[in-house]
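Here is the structure we will look at.
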Amino acid sequence: MDFLKDLNNQQKQAVTAGTGPVLVLAGPGSGKTRVLTQRIAYLIARQGVRPFNILAVTFTNKAAKEMEERVTDLLSGQTNGLTLGTFHGICARILRREADHLPVTSSYVIFDADDQVSLVKQALKDLNLDDKIHRPLSVHATISNAKNDLLGPEDFPPNTYRDEVIRRVYQRYQELLLLSNGVDFDDLLLYTARLFDENEEVRKRYARRYEHVLVDEFQDTNLAQYALVKHLASFHHNIFVVGDADQSIYRWRGADYRNVLRFEEDYPDAQLILLEQNYRSTQNILDIATAVIERNPYRTPKRLFTERGAGTKATLYEAASDQEEAQYVVEQIATFVVKKQAEPGDFAIMYRTNAQSRLLEEAFLRANLPYKIVGAQRFYGRREIKDMIAFLRLVHNPRDEVSLFRVINLPPRGIGAKTIQNLRTRAQQLGISAGELLLQLTQDVDSPTEEALGGRALNVLIGFAHLLHTWRSAAETETPLALLDRIIAETGYRDLIDDSSDEGRDRWENVLEFRRLATERQDRPLATFLEEIALVSDQDTLDKTSNAPTLLTLHAAKGLEFPNVFITGLNEGVLPHARSLEDPEEMMEERRLFYVGITRAKDRLFLLYSQTRNTYGYPDYVEPSRFLDDIPMELMNDERPQETSYGDVYLPRRAPAPQSTRWEEISTRSAPALQPEYAAGMRVHHAAWGEGLVLNSKIQDNDEILDIFFEEVGLKRVVASLAKLQVMGK
DNA sequence: ATGGACAATGTTTTT
DNA sequence: CATTGTCCAT
């Protein structure tokens with residue numbers, strides 16, 4: 001097997017670099033994933049390194065999985081024992097194994113973002129601090145940053161009054177986590193780094209094992225991650241990192257692209273390899289990207305080049321409103337698909353904030369065209385899913401107070417704030433957690449406890465305790481899926497959420513979707529299952545199987561590529577975001593974010609902004625993004641309107657968008673008297689308008705109404721019985 | 001203890 | 001505007 005075939009000189013050099021530290025600076029689309037994969041294969045097959053002795057860190061689980069598959073392909077098997085995963089995932093496993101050295105047990109649970117904020121809230125309450133003044137979200141962000149800088153509460157410098165407050169909240173927050181036998185995302189990194197720092201035996205064990213340490217997306221590591229990598233490579237010093245400072249977009253999460261500089265300082269003998277040739281985009285796209293990123297100060301200039309040729313110009317489009325912007329996206333995609341110039345799945349639509357996806361989704365729904373959206377939060381953040389997870393987490397770890405109090409009264413069984421308070425107080429007196437006390441109620445109840453909890457409340461508590469108890473026994477022998485089914489059945493959860501309204505049905509569908517996820521992971525023990533769902537990344541939810549356009553944030557787009565890319569909302573206040581306008585560092589990051597978006601495109605790039613935008617429900621005029629000024633006009637086709645306004649009169653320059661078909665109408669198209677003859681996806685011919693694609697069909701007033709996209713004349717709405725249509729094909 | 005009605009308040013980005 | 005929290009009547 002020739003691992004070096006089809007590699008350029010720099011890539012070859014990287015793949016076959018000898019021992020010692022190596023720093024690969026890789027521009028977008030320069031094949032860094034390939035380099036990493038082939039290097040792992042090369043180490044195993046050519047250098048005789050055992051997979052067991054290799055550690056590779058990627059940014060998402062999906063990337064790890066893909067990399068593993070590719071290595072396995074290259075070697076036809078023999079990757080057993082290879083450690084491949086995200087920082088958080090790898091740390092979670094190490095902590096599980098080394099729990100003896102930690103303040104938590106091996107059945108600890110990982111608290112998600114919401115749990116973390118509610119814990120901060122609880123901490124503020126415990127300390128009698130006003131959560132109006134000290135906003136939990138912002139307090140948590142500060143704590144998180146401290147952790148990423150490897151600072152514990154005791155290390156947190158109380159320079160200002162606010163710092164003093166945060167230090168105390170941090171302290172209490174940490175106590176609450178431990179009380180629940182829980183860790184947050186940052187603890188995964190912090191605890192592991194600390195463990196290596198303080199326990200030489202453990203550190204040596206891991207450092208000896210990992211003869212080779214490889215890190216992807218190195219520019220987005222924070223201090224804790226940097227320390228981790230350094231510890232892990234502290235024995236063999238074979239550390240191979242790949243990154244691109246221009247693509248650093250996680251500063252707010254503690255990432256520090258200066259880790260690249262730190263690396264060069266810490267390892268002065270590091271080999272430096274530059275990958276500049278781009279295999280992804282056309283030269284026009286690269287030139288646009290370069291024009292944008294060049295405006296950032298303090299960067300090492302890079303020349304991005306390709307052998308793919310100039311390609312087509314980018315399209316710059318000014319929409320009248322953000323709604324129209326979304327409409328334009330859908331119409332453009334429909335045009336390309338109708339003309340058979342691209343597949344629906346070839347398109348990605350990117351935006352700065354998740355909120356922007358809404359209008360796009362609505363536009364797709366109106367056209368009755370399917371789309372897919374990247375984002376784990378959207379799913380795992382839903383109430384019903386959080387409930388399911390809370391039940392499972394509680395079974396796994398009864399000390400988890402956040403989960404306990406989330407579900408103890410689900411469905412309502414008469415346990416309110418008062419009872420919860422009593423339970424917590426009594427548990428505190430006994431020096432145990434509320435969950436442990438609850439479980440004890442299934443045995444026998446001593447009289448002080450009975451008194452503390454009161455007769456009526458006690459009985460319902462015991463009832464819930466018995467449920468929890470049986471679930472815990474079940475969990476010992478059954479799969480998480482079986483346990484989940486048991487919980488759903490025994491709580492009557494469906495009746496609780498499915499009130500047979502659209503929304504209720506929707507929620508139940510979500511539960512079923514979660515159940516499907518559990519089915520896919522049947523073989524996992526509960527601990528692993530919980531860990532996996534706590535650490536899913538947005539990108540992990542990307543579905544490659546369906547042929548539909550992808551909606552995603554610019555952050556989620558990192559590391560991906562698409563033939564055609566729309567970047568929407570190129571307006572001041574959106575990209576760059578309003579909250580980065582004053583801080584030059586943040587402004588630089590906004591620019592990098594735009595750069596990341598541009599460089600995802602292989603063939604076509606669409607840059608969109610609009611004149612007005614709805615914020616808080618009210619429309620407002622907005623300026624085009626300053627970043628657009630930096631792109632030479634000759635690289636773009638300007639689709640901005642010619643002068644069409646006279647004084648205050650604005651003349652629409654395109655045919656008006658079709659009468660909106662509401663989502664409710666689409667979803668409630670129930671048993672019409674007339675059966676539709678046409679369906680979305682059909683190609684039809686019209687005597688005057690030529691050939692077109694049916695986008696939508698509905699029965700209205702005993703007539704079939706069609707939205708058809710014609711190649712010649714665009715989108716039209718026709719009545720089927722009047723327009724003489726010929727069906728050309730499915 | 002529960003659920004409904006109103007108010008207030010808030011928007012990056014994510015493991 | 002859309003979600004989340006708070007108050008009040010049952």
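Throughout, a chain's letter reflects where its sequence line sits, starting with A, and its residues are numbered from 1.
You'll find that the side chain of A:T353 is closest to B:dT13, out of B:dT13, B:dT15, C:dC1. Of the candidate nucleotides B:dT11, B:dT15, B:dT13, B:dT11 has the atom nearest to the side chain of A:R579. Residue A:Y616 has its side chain nearest to B:dT11 when only B:dA1, B:dT11, B:dT13 are considered.
Stacking of A:W252 onto the six-membered ring of B:dT13 is present: less than 5.5 angstrom between centres, less than 30° between planes.
A:R358 comes within 4.0 angstrom of the backbone, heavy atoms only, and of no base.
Side chains of A:S580 and A:D583: a donor-acceptor N/O pair is absent below 3.5 angstrom, by distance only. When only modelled atom types and interatomic distance are considered, A:R262 and A:N259 share a side-chain donor-acceptor pair under 3.5 Å. A donor-acceptor contact closer than 3.5 angstrom links the side chains of A:D126 and A:Q122. A donor-acceptor contact under 3.5 angstrom links the side chains of A:S144 and A:D186, judged on distance only. For the residue pair A:R426 / A:T449, a side-chain donor-acceptor distance below 3.5 Å is found, with atom types taken as modelled. If you check the side chains of A:R393 and A:S180, you find no donor sitting under 3.5 Å from an acceptor. Side-chain polar atoms of A:E98 and A:Y206 form a donor-acceptor pair below 3.5 angstrom.
Taking atom P in both C:dT4 and B:dT13, one finds a spacing of 14 Å when rounded to whole Å.
For A:M350 and B:dT13, the CE to P distance is 16 Å, given to the nearest whole Å. The NZ-P distance, from A:K386 to C:dT4, rounds to 10 Å in whole Å. As a whole-Å value, the separation of A:N148 CG from B:dT14 P is 16 Å. Across the protein-nucleic acid pair, A:N145 atom CG and B:dT13 atom P stand 17 Å apart, rounded to whole Å. When the P atom of B:dT13 is taken as reference, atom CG of A:L560 falls 17 Å away, rounded to whole Å. Separating the CD atom of A:Q225 from the P atom of B:dT15 is a distance of 12 Å, rounded to the nearest angstrom. Summarising the geometry, the separation between CD on A:E531 and P on B:dT15 is reported as 15 Å, rounded to the nearest angstrom. Rounded to whole Å, the distance from OH on A:Y618 to C1' on C:dA2 is 12 Å.
The residue among A:D186 and A:A417 whose nearest nucleotide of DNA chain B is located toward the 5' end is A:A417.
Dashed line: the shortest gap from a side-chain N or O of A:N354 to OP1 or OP2 of B:dT13 is under 4.0 Å. A sub-4.0 Å separation between OP1 or OP2 of B:dT11 and a side-chain N or O of A:T615 is absent. Taking side-chain N and O atoms only, A:T419 has a distance below 4.0 Å to OP1 or OP2 of B:dA1.
Between the side chain of A:E531 and the backbone N or O of A:A527, no donor-acceptor pair lies under 3.5 Å.
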Which pairs, protein N/O on one side and nucleotides 7-9 of chain C N/O on the other, fall under 3.5 Å?
none

Below 3.5 Å between N/O atoms, which protein atoms pair up with nucleotides 2-9 of chain B? Just atom names and distances, please.
| residue | atom | partner | partner atom | Å |
| --- | --- | --- | --- | --- |
| B:dT2 | OP1 | A:G414 | N | 2.7 |
| B:dT2 | OP2 | A:N409 | ND2 | 2.8 |

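Shown here are the side-chain contact (heavy atoms from CB on, under 4.5 Å) partners of A:T491, two or more places apart in sequence or in another chain: A:F391, A:P411, A:W471, A:I487, A:Y493. For A:F87, there are no ring pair (Phe, Tyr, Trp, His ring centres under 6.0 Å) partners two or more places apart in sequence or in a different chain.
Near DNA chain B, defined here as any heavy-atom distance below 4.0 Å, there are no residues from residues 89-97 of chain A. Of the residues in residues 111-129 of chain A, not one comes within less than 4.0 Å of DNA chain B through any heavy atom.
More than 12 heavy atoms of other residues, nucleotides or ligands sit less than 6.0 Å from atom CZ of A:R299.
Look at A:D131 and A:K121 and you find no salt bridge, because none of the NZ, NE, NH1 or NH2 atoms lies under 4.0 Å from a carboxylate O. Looking at A:E589 and A:R592, a side-chain N of the basic residue comes within less than 4.0 Å of a carboxylate O on the acidic one, giving a salt bridge.
Between A:Y250 and A:F59, the distance from one ring center to the other falls under 6.0 angstrom.
Applying salt bridge (Lys or Arg N to Asp or Glu O under 4.0 Å) to A:R613 and the options A:E623, A:E324, A:E325 leaves one that passes, A:E325.
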